[in-house]
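Here the structure comes first, spelled out in structure tokens, and everything after it is commentary.
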Amino acid sequence: MTDDELCDWCEEVLQPFVDRDLTDEERQQAEGHLKKCKYCRKRYHFEEGLRLLMRQAEPMEPALKKRLSELRLEL
Amino acid sequence: MSETSSDGARRLAEDARDRVNFEEEALALADQVYRVARGVSRSKEEAEDLMQETYARAFRSWQSYTPGTNLRAWLLRILTNLNIDRGRRAQRTPDQQPLEEGDYFLYNRIEETTGETEADRVLERLSQDHVAEALSAVPHDFRDVVVLVDIGEFSYADAAQILDIPIGTVMSRLHRGRRILKKELAGVAVETQ
């Protein structure tokens, strides 16, 4: 693959890469390209950051936690 | 006390102990369940209602849970079913528009609009509020899968089990759902520059 083709391929496998759903061979190929290509590296870094941002949702209010606990059945 | 009635008393005591253990384990998972509830709800209030209904139902039907299986997935199955039952899913029709943009689209769009060229700076242009707003615009079938996998950190197989859909459908909805989310995120993030 040419460098441009590798960039296109890396864009296609971005999601399975972040999901850790690539074969070992594919992963190595992607990592090899990322080492050399700043353009793709920045976009991969951004994607991983976006995933982390999504997971940092606002926490539950303590009052809700208390209400959930009160829903427990009487012994 | 006869042997039968002492057996009965022992069973009752064991049941009560199992139930308390179940309740404690379920409550310990509440923060994780809430993240998903918030992701599939339009507002914090709706997420809180959904949590209370989920836990009320879970506590009532604790005996249908098989100890040793995935309790978080069991709770999320109740939550997603309740969300369907409440008809919240009727508000939007699935988005059938073709999505031509690739996976670098969101980054490129923010970079173009803001002139930021470093990944961390581009990322700083996005906030929790942007994510919540963009998620609420994703059609429910796609959103449920994105929330379970990307926020709830469930495997494709667990998400398939929770939503009662084939794993291939999880993967295709995830692919499309993430694209829609990025398109929406680009809209909300760029509008607020």
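Residue numbering restarts at 1 for every chain, and letters A, B, ... go by the order of the sequence lines. Heavy-atom basis, side chains included; hydrogens, waters and symmetry copies ignored.
- With a 4.5 angstrom heavy-atom cutoff, B:Thr54 does not touch chain A via any of its atoms.
- Among B:Arg35, B:His175, B:Glu153, B:Lys44, the residue making the largest number of heavy-atom pairs under 4.5 Å with chain A is B:Glu153.
- The neighbour count for A:Arg51 CZ, taken as heavy atoms of other residues, nucleotides or ligands under 6.0 Å away, is above 12.
- The environment of CD in A:Glu25 is sparse: at most 12 heavy-atom neighbours from other residues, nucleotides or ligands sit within 6.0 Å.
- Your options are B:Tyr156, B:Trp62, B:Phe59, and the one with the most heavy-atom pairs under 4.5 Å with chain A is B:Phe59.
- A:Arg43 has a carboxylate O that lies under 4.0 Å from a charged side-chain N of B:Glu111, or vice versa, which qualifies the two as a salt bridge.
- Of the inter-residue distances, the one linking A:Tyr44 atom OH with B:Tyr107 atom OH reads 14.0 Å to the nearest 0.5 angstrom.
- Residue contact with chain B, scored on non-hydrogen atoms closer than 4.5 Å, is absent for A:Asp8.
- Closest approach of B:Ala30 to A:Leu68, counting heavy atoms only: CB-CD1, 4.0 Å.
- Taking 4.5 Å as the limit, some side-chain heavy atom of B:Lys182 sits within range of a side-chain heavy atom of A:Leu50.
- Pairing each heavy atom of A:Met54 with each of B:Val146, the nearest pair is CE-CG1, 4.0 Å.
- Heavy-atom pairs under 4.5 Å with chain A peak, among B:Asp31, B:Leu181, B:Val131, at B:Asp31.
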Quick one: do B:Tyr55 and A:Leu64 satisfy side chain to side chain contact (heavy atoms under 4.5 Å, CB included)? Show the steps, please. CA-CA 11 Å; B:Tyr55 273 79; A:Leu64 174 63; over 6 Å; no

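- Note on A:Leu14, A:Val18, A:Asp19: by heavy-atom pairs under 4.5 Å with chain B, the leading option is A:Asp19.
- At least one side-chain heavy atom of B:Gln128 sits under 4.5 Å from a side-chain heavy atom of A:Leu53.
- If you measure heavy-atom distances from B:Tyr34 to chain A, the contacts under 4.5 Å come from the side chain alone.
- Note on B:Glu24 versus A:Arg72: salt bridge recorded, some NZ/NE/NH1/NH2 to OD/OE distance being below 4.0 Å.
- Between chain A and the options B:Met171, B:Arg178, B:Glu118, heavy-atom pairs under 4.5 Å are most frequent for B:Arg178.
- Shown here is B:Glu133, whose CD atom has no more than 12 heavy atoms of other residues, nucleotides or ligands within 6.0 Å.
- B:Glu48 CD to A:Met60 CE: the interatomic distance, rounded to the nearest 0.5 Å, is 9.0 Å.
- With hydrogens and angles disregarded, a donor-acceptor distance shorter than 3.5 Å links the side chain of A:Arg55 to the backbone of B:Asp150.
- When B:Leu185, B:Val149, B:Val122, B:Leu174 are compared by the number of non-hydrogen pairs under 4.5 Å with chain A, B:Val122 comes out ahead.
- With a 4.5 Å cut-off on non-hydrogen atoms, B:Phe105 touches chain A through its backbone but not through its side chain.
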Derivation of the side chain to side chain contact (heavy atoms under 4.5 Å, CB included) call for B:Asp120 and A:His45: CA-CA 8 Å; B:Asp120 285 334; A:His45 183 75; 2.8 Å; yes

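- A:Glu47 touches chain B through its side chain: at least one heavy atom from C-beta onward sits under 4.5 Å away, while N, CA, C and O do not.
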